[in-house]
Structures are given as C-alpha cells and as structure tokens.
Amino acid sequence: MLVLRTPIPTAEAQAFEDAILASGRDPSAFRAQMFEAANNDGAAMRRVHVITRHAAAQYDASDGAGWTESFARHLARGFFGT
C-alpha cells in the first residue's frame, strides 16, 4: 500500500486553526500533516498527524472534517497542554 502526504483541504485546515484559536493557544505551535492511501477496493483512507513540542496525536480523517472535532476535544481536555 502506497501512503502519500497530501494537502489538508482548506475547510479542514481552517477548522483546525479555529479550534486552536478558540482554545487560546498559538496556531504556530501546532503542525498537522495529512496522509492518504487507497485500500484494496480503491476507497481513500486518510489520517492526520498533529504534533506540538510535547505531544502528538493521530486522527482518522477518512470521513472528512470530523477529525477536527476530535482534535478540539483533545485541546479542551488538556491533551496538548494548557
């Protein structure tokens, strides 16, 4: 299976940044990268890796922007620090 880095769609990137700003944090402290692969039936599988200086997480993004909601919940719970 070939996995490729791919651009995050504009709406998802904006939702990611909005979640960071809403939490009172600095967007420049976060980095997100999207990776995509096709499974055997040709359906795209997408994952987003988010990193900061002291934490990292991966989110399933195959169904679209739902990963940004999971990321926002992690921010609210303090997963990425306070």
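Once rounded to the nearest 0.5 Å, the distance linking CD of Q33 with OG1 of T6 reads 11.5 Å. Expressed to the nearest 0.5 Å, how far CZ of R73 lies from OG1 of T68 amounts to 9.5 Å.
Residues F30 and L75 meet the side-chain proximity criterion, which asks for heavy atoms closer than 4.5 Å. With a 4.5 Å cut-off on side-chain heavy atoms, M34 and V48 count as touching.
Not counting sequence neighbours, E69 has no partner by the side-chain hydrogen bond (donor to acceptor under 3.5 Å, both in side chains) test. Contacts of F16 classified as ring-ring contact (aromatic ring centres under 6.0 Å, His included), with partners at least two apart in sequence or in another chain: W67, F71. Legend: residues meeting side-chain hydrogen bond (donor to acceptor under 3.5 Å, both in side chains) with T52, ordered by chain and number and at least two apart, are absent. Taking S28 as the reference, D26 meet the side-chain hydrogen bond (donor to acceptor under 3.5 Å, both in side chains) condition, with sequence neighbours excluded.
The two residues A32 and V50 come nearest to each other via the heavy atoms CB-CG2, 4.1 Å. Nearest heavy atoms, A72 versus A19: CB-CB, 4.0 Å. Listed here is the closest heavy atom pair of A57 and F79: CB-CE2, 3.9 Å.
The salt bridge (charged side-chain N to carboxylate O under 4.0 Å, His left out) pairs that include a residue from residues 15-24 number zero, where partners must be two or more places apart or lie in different chains. Sorted by first and then second residue, the salt bridge (charged side-chain N to carboxylate O under 4.0 Å, His left out) pairs with a member in residues 45-58 read E12-R46; sequence neighbours excluded.
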